[in-house]
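Each remark here refers to the structure printed beneath this line.
Scope of the values below: all heavy atoms of this structure, side chains included, with no hydrogens, waters or symmetry mates. A, B, ... follow the sequence lines: proteins, then strands. Residue 1 opens every chain. Predicted model only: the values in this text are computed from it and were never measured.
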Number of protein chains: 2
Amino acid sequence: MHREAKRSLTPTIYDVAREAGVSYSTVSRTLSGYEFVKPSTREKVLRAAEKLGYVPNHQARSLAGGRSHLIGVLVPGLNNSYIGEILRGIDEALAESEYNLLLYTTHRRQGKESHYAATIMNSGVDGLLLVVPLMATPYLDTLHERDFPCVVIDQSEETQKGAVVSGTNWQGAFEATEYLIGLGHCRIGFISGLAGLTSTTERLAGYSAALAQHGLALDERLIAEGSFLQEGGYTAAQQLLALPDRPTAIFAANDLSALGAMEAVREHGLRIPKDISLVGFDDIPQASLGYPKLTTVRQPLSEMGREAANILLEEIAHPEQPRRRVTLPTKLIIRDSCCPPAG
Amino acid sequence: MHREAKRSLTPTIYDVAREAGVSYSTVSRTLSGYEFVKPSTREKVLRAAEKLGYVPNHQARSLAGGRSHLIGVLVPGLNNSYIGEILRGIDEALAESEYNLLLYTTHRRQGKESHYAATIMNSGVDGLLLVVPLMATPYLDTLHERDFPCVVIDQSEETQKGAVVSGTNWQGAFEATEYLIGLGHCRIGFISGLAGLTSTTERLAGYSAALAQHGLALDERLIAEGSFLQEGGYTAAQQLLALPDRPTAIFAANDLSALGAMEAVREHGLRIPKDISLVGFDDIPQASLGYPKLTTVRQPLSEMGREAANILLEEIAHPEQPRRRVTLPTKLIIRDSCCPPAG
DNA sequence: CTGAAAGCGCTAACAA
DNA sequence: TTGTTAGCGCTTTCAG
C-alpha cells in the first residue's frame with residue numbers, strides 16, 4: 001500500500017476507505033453507484049465520505065474510467081444573444097445531468113481545424129456540441145471518423161451523417177413571407193445570412209417558395225447579402241433602400257440583421273412599419289426590447305440547445321443507436337414592425 | 001514495461017517514444033518545454049509526435065502534474081449580454097494562453113454553495129473566475145481558506161481579501177448624474193440594481209454625491225428599486241412615473257434596467273428624451289442598437305474579463321504575489337436619450 | 001458482496 | 001542530457 005503520510009488537503013477514496021473500514025474499491029463502487037453493495041456497507045461509506053467532505057477527483061476518474069463527464073461546446077463566439085440562448089438551453093440540460101461544460105470558441109486556432117478537433121477530443125470531453133459550425137467539414141470528418149459523439153446545432157452540412165438539431169428554417173421563412181404578402185406587400189426584400197450555412201439557404205428557399213406560391217416574381221435585386229450580423233443587415237438594407245423602386249417590406253434572415261436594417265431605414269428618414277415593414281428571424285431577447293418591437297419568426301433557441309444536449313447525452317450512453325435528427329418548429333411572432341403597404 | 005498490444009486510437013507518449021527511439025520521459029520533457037533537451041533529440045521527438053498526430057491527454061497530465069490547464073468561470077447565467085461581454089474578454093485572454101474554459105452557472109445547486117465551491121476546486125480547475133457572484137461569501141470563504149486562485153469580477157464583498165476587477169462605479173454614476181444636472185435636470189430618478197451588490201451600492205452613492213455636490217436634495221421617493229434586469233427597470237420606472245411630480249430624467253443602474261424603463265416611459269405616452277431623459281450603465285450592445293440610442297456609462301466589460309483572466313493566470317503562476325485589485329475606468333457615452341428638461 | 005491488483009497517460013524526483 | 005522509478009486518484013477485471 002502506498003500513501004501513508006501525505007495528509008493532503010482533499011480526502012481521497014483511500015481516506016474514506018480507512019474511515020469506513022472497507023477497501024478502497026468498495027468505496028469506489030459505492031460512490032459510482034454500483035448496485036451490488038450491501039446496504040449497510042453503502043451506509044458506512046456514504047457516512048464516511050460525508051464526514052470527510054470527500055469530493056471525487058474528475059481527472060482521476062476520467063483517466064481511469066474513460067469518462068470525463070465533460071461536454072465540449074464549440075461556439076463561433078460569445079458576442080451574440082442568439083448563441084447565448086442556445087448555450088442557456090445546453091446549460092440547463094447539462095445541469096440536470098452530471099456533466100460539466102467546457103466552452104470552446106471557434107475563433108481560436110483558426111486554420112488547423114482538424115488538429116483542433118483532435119485536441120478537443122483529447123481534452124477529455126465525452127462529447128461535443130457544435131453550434132452553427134462554419135467550415136465544419138474538417139472538424140466533422142475527424143470527429144465522425146472516430147465515432148466521436150457529437151451533435152450539430154442549427155447547421156447541417158450536405159454530407160453530414162451525425163445528429164443535428166435545428167429549426168424549421170424553410171417553413172419559418174415561408175410563413176413570414178406569406179404573412180407579408182397577406183398584408184398586401186408585393187415587393188419584399190430579403191436580407192440573407194452568411195453564405196454556406198444551411199439556415200441561410202433554407203430561409204432563402206422558403207422566401208422564394210412563398211413568392212412563387214403567390215404568383216410573385218422573384219426579383220434578384222431584392223435579395224441583398226447579409227452576414228447574420230447587425231452591420232451586414234445595415235449595409236444590405238442600404239442597398240435595398242437605394243433601389244429605384246424600393247421594397248415596401250424587408251424580411252431579414254435573422255433578428256440581428258433586421259435590427260441593423262431598422263437602423264438603416266431610420267437613417268433614410270423612413271418609418272417602421274408605416275413606410276417599410278420588417279420581419280426578422282430568431283426572436284432573440286432584443287427583438288422585443290427595442291422600438292418598434294420586431295415581428296419575427298421565433299426559433300426555440302434554448303430548446304434547441306437543451307434538445308441537442310440531451311441527444312448527445314443519449315448518444316454517449318448508447319453509442320449504438322442511430323443518430324437522430326430533430327427539427328423544432330418555428331413560429332411567427334407578430335409584433336409591431338409590420339403593416340400593410342402605404343400605397 | 002506495460003502496454004504492448006493495445007494499439008489504441010490516440011497515440012500516447014509511449015508511442016512517440018518508441019517512434020523517436022527515446023525514453024518516454026524524454027518525450028514528456030520535450031513536450032512540456034523542458035529546456036535541457038538536446039536539440040537533436042527534441043527534433044526527433046517533435047517529428048515523431050507530429051508524424052503520429054500525438055495530442056496530449058489533459059486528464060493524465062493534470063492528474064500527474066497537478067495542473068489541469070482549466071480555468072473555471074462561474075457566472076450567474078447566460079441570458080444577458082453583460083455577462084456575454086465579460087465572457088468574451090475572458091475567452092480572449094484564455095485563448096492566448098494554454099488554458100481552457102470550464103463554464104459553471106450559479107443557478108445550479110443553489111443552497112449548498114460551499115460544497116459547490118469544493119466541487120469546483122476538485123473538478124480540477126487551476127483557478128476560478130467569479131462573475132458578479134451574489135451571495136458569494138460561502139464560496140469565497142472556502143476558496144480563500146485553501147488559497148485557491150480566484151478573482152472576482154465586478155463585485156467585492158466587504159471582507160474580501162482576494163483579487164477583484166471592477167469598473168469605477170461611483171465615478172461613473174457621479175458623472176452620469178452630473179451630466180443630467182448639467183443639462184438642467186433637478187428631479188432625477190434613480191433605478192437601483194440588485195441589493196447586496198457593490199455595483200448597486202457604489203452607483204447609488206455616486207448618484208447621491210453628485211446631487212449633493214450640486215446642492216440638490218436627495219428625494220427618497222426618486223429612488224426605485226430595480227434588479228439589474230429589464231423587468232425590474234420597467235417596474236421601477238412605473239413607480240417613478242406614477243409620482244405626483246415625476247422626474248424629468250432617470251438614471252438607471254444598468255442598461256437592461258434603462259431599456260425596461262424606456263418601455264415603461266413609452267407606455268405612459270412619453271417621449272425620450274423630450275419628456276424624460278434616460279441614462280444607463282454598462283453600454284451593452286443593445287444600448288446602441290435600439291431607438292433612441294441610449295446614453296450610458298460605458299464599462300469596459302470585455303476588458304474587465306480579459307484583465308481578470310490575466311490576473312488569475314498570473315496568480316496561478318506566482319501564488320506568492322499579493323492579490324491585485326484593479327479598477328478600470330468607465331466613460332460616459334453620450335447618445336440620443338438625453339436632452340434638457342422641457343420646462 | 002468485497003478485496004487485491006493492474007493500470008489509465010503523464011509528470012517528477014532520482015540516478016546515471 | 002537522458003533513463004528509471006514512482007505514483008497522481010480512480011475504475012475495473014479477477015478472484016474469492
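Rounded to whole Å, the distance from CD on A:Q59 to C1' on C:dC10 is 12 Å. What separates CZ of A:R18 from C1' of D:dG9 is a distance of 14 Å, to the nearest Å. Rounded to whole angstrom, the span from the CG atom of A:N57 across to the P atom of D:dG9 amounts to 7 Å.
Ring geometry for A:H69 against A:Y99 counts as tilted: the plane angle lies between 30° and 60°, on a 0 to 90° scale.
Remark: A:T26 is not in phosphate contact with C:dT2, judged by side-chain N or O atoms under 4.0 Å from OP1 or OP2. For the pair A:T12 and D:dG9, the criterion of a side-chain N or O lying under 4.0 Å from OP1 or OP2 is not met.
Rounded to 10 degrees, the angle separating the terminal helix axes of the helix from C:dC1-D:dG16 to C:dA16-D:dT1, each built from five base pairs, is 30°.
Checked by atom type, the side-chain pair B:S25/B:S28 shows no donor-acceptor distance below 3.5 Å. At a cut-off of 3.5 Å, with distance as the only test, no side-chain donor of A:D154 or A:S166 sits close to an acceptor on the other residue.
Residues passing the salt bridge (Lys or Arg N to Asp or Glu O under 4.0 Å) test with A:E307: none are found, sequence neighbours excluded. Residues satisfying the salt bridge (Lys or Arg N to Asp or Glu O under 4.0 Å) criterion with B:E96, sequence neighbours excluded, are absent altogether. In this view, B:K51 and B:E19 satisfy the side-chain hydrogen bond (donor to acceptor under 3.5 Å, both in side chains) rule, not counting sequence neighbours.
Of all heavy-atom pairs spanning B:Q155 and B:S199, the tightest one is OE1-N, 4.3 Å. Counting all heavy atoms, side chain and backbone alike, A:P300 lies closest to A:L328 at CG-CB, 3.7 Å.
For residues 33-51 of chain A, proximity to DNA chain D is found at no residue, defined as any non-hydrogen atom under 4.0 angstrom from a strand atom.
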Exercise for review: Begin from the C-alpha positions of B:C150 and B:H144 and carry the test side chain to side chain contact (heavy atoms under 4.5 Å, CB included) through to its verdict.
Suggested key: CA-CA 8 Å; B:C150 60; B:H144 288 317; 4.1 Å; yes
Practice item. Treat primed atoms plus P, OP1 and OP2 as sugar-phosphate and everything else as base, then score nucleotides 11-16 of chain C 5' to 3': B for base contact with protein heavy atoms under 4.0 Å, S for sugar-phosphate contact only, - for none. Key: BBB---
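Separating the CG atom in B:N100 from the NE2 atom in B:H58 is a distance of 5.5 Å, to the nearest 0.5 Å.
Side-chain N or O atoms of B:T30 include none that pairs as donor or acceptor with a backbone N or O of B:V45 at under 3.5 Å.
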